[in-house]
Amino acid sequence: LERIREMRRTRDAPVDAMGVEKCYDSSAPPQVMRYQVLLSLMLSSQTKDQVTSAAMLRLRQHGLTVDSILQMDDATLGQIIYPVGFWRNKVKYIKQTTAILKQKYGGDIPRTVEELVQLPGVGPKMAHLAMNIAWDSVSGIAVDTHVHRITNRLKWVKKETRYPEETRVALEDWLPRDLWREINWLLVGFGQQTCLPVNPRCNECLNQDICPAAKR
C-alpha cells in the first residue's frame, strides 16, 4: 500500500483529472452538486473517464439540474451524453432516477446505500462513491474493475473473487476502515497507469519484488 501511494503521488492518472470528483460544478448549490455527482457516476459505468468528463461538461452547459433533465426529451439527452457506454440505457435510467429523486426526495439524492442502489442504473460501487463524494460519508469500499483486478493480483482477498461485490465484502472484512476512502482512487489510477488489465507494466512497479502476480 505504501508503495502504491508512492507511485500515485503525482496524481496524474485520467481519474485524477477527469474522474467523478472533477465532473460536478463545485459552485452549484449542495443539492445540485449531489445530483451532478450521482449523474456522473451513472454515466461513468463502463466508460472511460475522458468520455464521462466530456459528457458531463456538455450536460452542464445545458444547466444540469433535476428540473432541466426532466424537461429535456430523450433524444436531446441521448445526443448530449453520446458516446458514453450503453448511452441508450443510460438515457432511460437517468430519466427514471431523476423522476424518483423529484417525487420522493425533493430533488436531492438519498443518504443511504440501501436507497441509492434501488435507483435505476445505480449499483453498489456508485452508491458507495456517491456516499463518499456527495455526502462525505464512508459507507464502504467502492470496487470497480480496477480495484477488483488489482486486489486479486495482490492477493488482498483470501481466495480469488469473481465479482466486484464479492471483492468489496472480502476487503471490508479485514482492511482497516480508515483506509476505505482512499482505496478506490488509489487503485483506479494505479490500474490506469501501471497495473493494466492486459500487459501490466510490472517492470515499472515498485511492488514487483513482492507482488504474487508480477512478471519477473
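Residues take their numbers from the sequence shown, with the count starting at 1. Atoms considered below: every heavy atom in the structure, side chains included; atoms not considered: hydrogens, waters and symmetry mates. What you see is a predicted model; the values in this text were computed from it and never measured.
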Can you name the nearest heavy-atom pair linking Gly107 to Gln31, along with the distance?
C-NE2, 3.2 Å
Tested for side chain to side chain contact (heavy atoms under 4.5 Å, CB included) against Trp156, the lone hit among Thr161, Thr167, Leu1 is Leu1
Drop me the distance from Gln79's CD to Arg58's CZ, to the nearest 0.5 angstrom.
11.0 Å
Does Arg3 come within less than 4.0 Å of Asp209, counting only side-chain N to carboxylate O?
yes
Heavy-atom pair of closest approach, residues Val15 and Gln192:
N-OE1, 3.0 Å
Could you name each residue pair satisfying salt bridge (charged side-chain N to carboxylate O under 4.0 Å, His left out) that touches residues 167-189, not counting sequence neighbours?
Arg5-Glu182, Asp136-Arg181, Lys158-Asp173, Glu165-Arg168, Arg168-Glu172
When rounded to the nearest 0.5 angstrom, what distance separates CG in Leu196 from CZ in Arg149?
7.0 Å
For Pro197 versus Gly191, what's the shortest heavy-atom pair and its separation?
CD-O, 4.3 Å
The criterion is ring pair (Phe, Tyr, Trp, His ring centres under 6.0 Å); which residues satisfy it with Phe86, sequence neighbours excluded?
none
What's the separation between atom CE in Met33 and atom CD1 in Ile133, rounded to the nearest 0.5 Å?
10.5 Å
Ser68 OG to His62 NE2 distance, which is reported to the nearest 0.5 Å
9.5 Å
Where is the tightest heavy-atom contact between Thr52 and Ser40, given as atom of each residue plus distance?
CG2-O, 3.6 Å
Asp144 CG to Leu187 CG distance, which is reported to the nearest 0.5 Å
8.5 Å
Please find the pair of heavy atoms, one from Ser139 and one from Val113, that lie closest to each other, and give the distance.
OG-CG2, 3.4 Å
Pairwise side-chain contact, Ile69 with Leu59, heavy-atom cut-off 4.5 Å (strictly under):
yes
Quick one: list whatever passes side chain to side chain contact (heavy atoms under 4.5 Å, CB included) with Glu6, sequence neighbours left out.
Arg9, Leu206
In chain order, what residues pass the side chain to side chain donor-acceptor pair (under 3.5 Å) check against Asp74, with sequence neighbours excluded?
Lys95
Does any donor atom in the side chain of Gln50 or Ser53 lie under 3.5 Å from an acceptor atom in the other side chain?
no
Might you point out which heavy atoms bring Gly121 and Met42 nearest each other, and give the distance in Å?
O-CG, 4.0 Å
Under 3.5 Å donor-acceptor, Arg60 side chain and Cys23 backbone:
yes
By side chain to side chain contact (heavy atoms under 4.5 Å, CB included), Ala28 pairs with (sequence neighbours left out) Asp25, Val32
Applying side chain to side chain donor-acceptor pair (under 3.5 Å), name anything that partners Gln193, two or more places apart in sequence or on another chain.
Asp12
Test salt bridge (Lys or Arg N to Asp or Glu O under 4.0 Å) on Lys22 and Asp49; report intermediate values, then the result.
CA-CA 10 Å; Lys22 295 281 187 283; Asp49 287 332; over 6 Å; no
